[in-house]
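Here the structure comes first, spelled out in structure tokens, and everything after it is commentary.
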Amino acid sequence: MPSSKFEPNDDIFDFVIKKANGLKGIVDSSLEIIPNQCIQPKEQRLDKSQIDNQESIPTIDLSNFNDLNVEKSIQEAASKWGFFQIINHGIPIKVLEDLKEAGHKFFELPAEEKVKYYKENAGVDESVLLYWSAIGDKDEKVLEWRDSIKHGCNPENDSNLWPPQTRNQALEYQKWAKPLAKKLLEVLLKGLNVNEIDESLELLLMGTMAININYYPPCPNPSITIGCRRHCDVSCITLLLQDDTGGLYVRGTKGDNWIHVNPIKGALAVNIGDSLQIMSNDRYKSIEHCVAVDSSRARISVPLFVNPSLDSVIGPFPQMLKDGEMPVYKQVLFSDYWDYFFSKRPSGKASLDFAKI
């Protein structure tokens, strides 16, 4: 049976990852000193002097989704910020609250239950299901202060393999969120003069999807750790549900500043990923973001990653180039970009160089 209490001489990676105690297991052991393997290099920590309280990302009311002004606001936010929040998006508050509560229930399970979903024990493809605790770089062996579980939303529907604590809530959320994501993509593509999402384009834009539930335990010394290092997403777009703890920061327009994404009850944050930046030929921006942790409260966040199918070829839309605009990116197989992205992560925006001409 996995250990339930971490001792200073224990192998932290064995305790946290293989025995599935997670970072939560470290916290539950009442350690007052952060283990060395959780202390981030200074360049990966959030520099509080760079937090800009004068800027904020837009919040867009989708009550009148088809209004041209709403569409323009979405397109402008994607171009200038790469990040925005949406309210009155149509997903019931109960669906969102139930999903967050389900996340707490899963991560509060004893390790002997969670270990069943660790990829080496689950016996399933990690595109379907994957429980892990966050490692930044494989060679550095530095743990981010986060536990996560991935629910792969495959067309084959392998949801029977998902944990019972999260299965129904994730499926219900997926039912509401997928059409919302498609509608957002339709609006964004309209801004690129791509006026219809047919079946082949739908595979390109949202051929693979995954719902991750992230759990950030309270941290005794948040200033020397990080919940999630600065990174961009590989997706076309990401829809993020966060609780009211706060801690999500995105790059501001000045380039070296960070903006806090203040939680709004019932809202979803939306960000552009690398894939849509490539397809838009840099019209839309994939923006760095990171997550700080709290000293007293656990945080739950639920990103829905809307990705191309792995066998799709991504590159600038022809509509972007028809008036003589030069392509910034070549055509690349998404699975190749995916592999490169995750071999380099976290690397900010550096992965885009792989696709550049």
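Numbers here simply count residues along the sequence, with the first being 1.
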Leu248, Phe305: one ILVMFWY side-chain cluster at the under-4.5 Å cut-off? no

After noting the C-alpha distance and the side-chain angles of Asp353 and Ser351, does the key distance pass the side-chain hydrogen bond (donor to acceptor under 3.5 Å, both in side chains) rule? CA-CA 5 Å; Asp353 292 340; Ser351 297; over 6 Å; no

Verify the cluster assignment for Leu68 and Leu188: are they in a single hydrophobic cluster under the rule of side-chain heavy atoms below 4.5 Å apart? no

Heavy-atom donor-acceptor pair, Ser286 side chain to Asp274 backbone, under 3.5 Å: yes

Would you call Glu101 and Lys105 a salt bridge, using N to O less than 4.0 angstrom? yes

Please evaluate residues Asp256 and Gln50 with respect to the criterion side-chain hydrogen bond (donor to acceptor under 3.5 Å, both in side chains), reporting the C-alpha separation (whole Å), side-chain torsions for both, the decisive distance (0.1 Å), and the verdict. CA-CA 7 Å; Asp256 62 350; Gln50 294 180 332; 5.3 Å; no

With under 30° as parallel and over 60° as perpendicular, where do the rings of Tyr131 and Phe107 fit, or are they tilted in between? tilted

What one should report as the nearest heavy-atom pair of Leu205 and Ile197 is CD1-CD1, 3.7 Å

Flag, side chain of Tyr337 to backbone of Val332, donor-acceptor distance under 3.5 Å: no

Do you know the tightest heavy-atom contact between Pro217 and Lys24? CG-N, 3.7 Å

Closest heavy-atom pair, Ile211 versus Gln174, reported as atoms and distance to 0.1 Å, is CD1-CB, 4.0 Å

Is the shortest distance from a Lys or Arg side-chain nitrogen in Arg297 or Asp244 to a carboxylate oxygen in the other one below 4.0 Å? yes

Look at the rings of Trp338 and Phe334 and say which category their plane angle falls in: under 30° parallel, 30 to 60° tilted, over 60° perpendicular. perpendicular

Just so I know, are the side chains of His89 and Lys183 near enough to count as touching, which here means a heavy-atom distance under 4.5 Å? no

Ignoring hydrogens and geometry, is there a side-chain-to-backbone donor-acceptor pair from Gln85 to Asn262 under 3.5 Å? yes

More than 12 heavy atoms of other residues, nucleotides or ligands under 6.0 Å from CD1 of Ile33: yes or no? no

Just to verify, what does Asn168 make a side chain to side chain contact (heavy atoms under 4.5 Å, CB included) with, not counting sequence neighbours? none

Does any donor atom in the side chain of Gln277 or Tyr329 lie under 3.5 Å from an acceptor atom in the other side chain? yes

When every non-hydrogen atom of Arg299 is compared with those of Val291, the smallest separation belongs to NH1-CG1, 3.5 Å

Is the closest side-chain heavy-atom distance between Met279 and Cys236 below 4.5 Å? yes

Ion pair present between Glu325 and Arg283, side-chain N to carboxylate O less than 4.0 angstrom? yes

Donor-acceptor under 3.5 Å (Asn281 side chain, Met320 main chain): no

Within 6.0 angstrom of Lys178 NZ, more than 12 heavy atoms from elsewhere: no

Please test Asp233 against Asn271 for side-chain hydrogen bond (donor to acceptor under 3.5 Å, both in side chains), starting from the C-alpha separation and ending with a verdict. CA-CA 8 Å; Asp233 291 347; Asn271 65 281; 3.0 Å; yes

Could you go step by step and tell me if His151 and Thr166 meet the side-chain hydrogen bond (donor to acceptor under 3.5 Å, both in side chains) rule? CA-CA 9 Å; His151 306 72; Thr166 60; 2.8 Å; yes

Might you point out which heavy atoms bring Ile213 and Gly103 nearest each other, and give the distance in Å? CG2-CA, 3.8 Å

Check ion pair Asp52-Lys254 (N to O, under 4.0 angstrom): yes

For Thr245 and Asp294, test the side chains for any donor-to-acceptor distance below 3.5 angstrom and give the result as yes or no. no

Flag side-chain contact, heavy atom, 4.5 Å: Val142 against Gln37: no

Can a donor-acceptor pair be found between the side chains of Asn221 and Ser223 at a distance below 3.5 Å? yes

Which atom names give the shortest non-hydrogen contact between Trp145 and Thr225, and what distance separates them? CE3-CG2, 4.1 Å

Who passes ring pair (Phe, Tyr, Trp, His ring centres under 6.0 Å) against Tyr249, sequence neighbours left out? His260

Salt bridge (charged side-chain N to carboxylate O under 4.0 Å, His left out), that's the test. Do Lys175 and Glu172 meet it? Break it down for me. CA-CA 5 Å; Lys175 182 182 82 174; Glu172 183 68 12; 3.2 Å; yes

Kindly say whether Asp67 contributes a backbone atom to a donor-acceptor pair with the side chain of Asn64 at under 3.5 angstrom? no

Assess Lys18 against Phe13: is NZ or CZ under 6.0 Å from the centre of the six-membered ring, and within 45 degrees of the ring's axis? no

Given 3.5 Å as the limit, does a donor-acceptor pair link the side chain of Asn21 with the main chain of Phe15, or not? yes

Any side-chain heavy-atom pair of Ile74 and Phe84 under 4.5 Å: yes

Please verify the inter-ring angle class for His231 with His289; under 30° counts as parallel, over 60° as perpendicular, anything in between as tilted. tilted

Salt-bridge criterion met for Glu288 and Arg229 (N-O under 4.0 Å): no

Quick check: do Ile278 and Leu352 have side-chain heavy atoms less than 4.5 Å from each other? yes

Val328 side chain near Pro316 side chain, heavy-atom distance below 4.5 Å: no

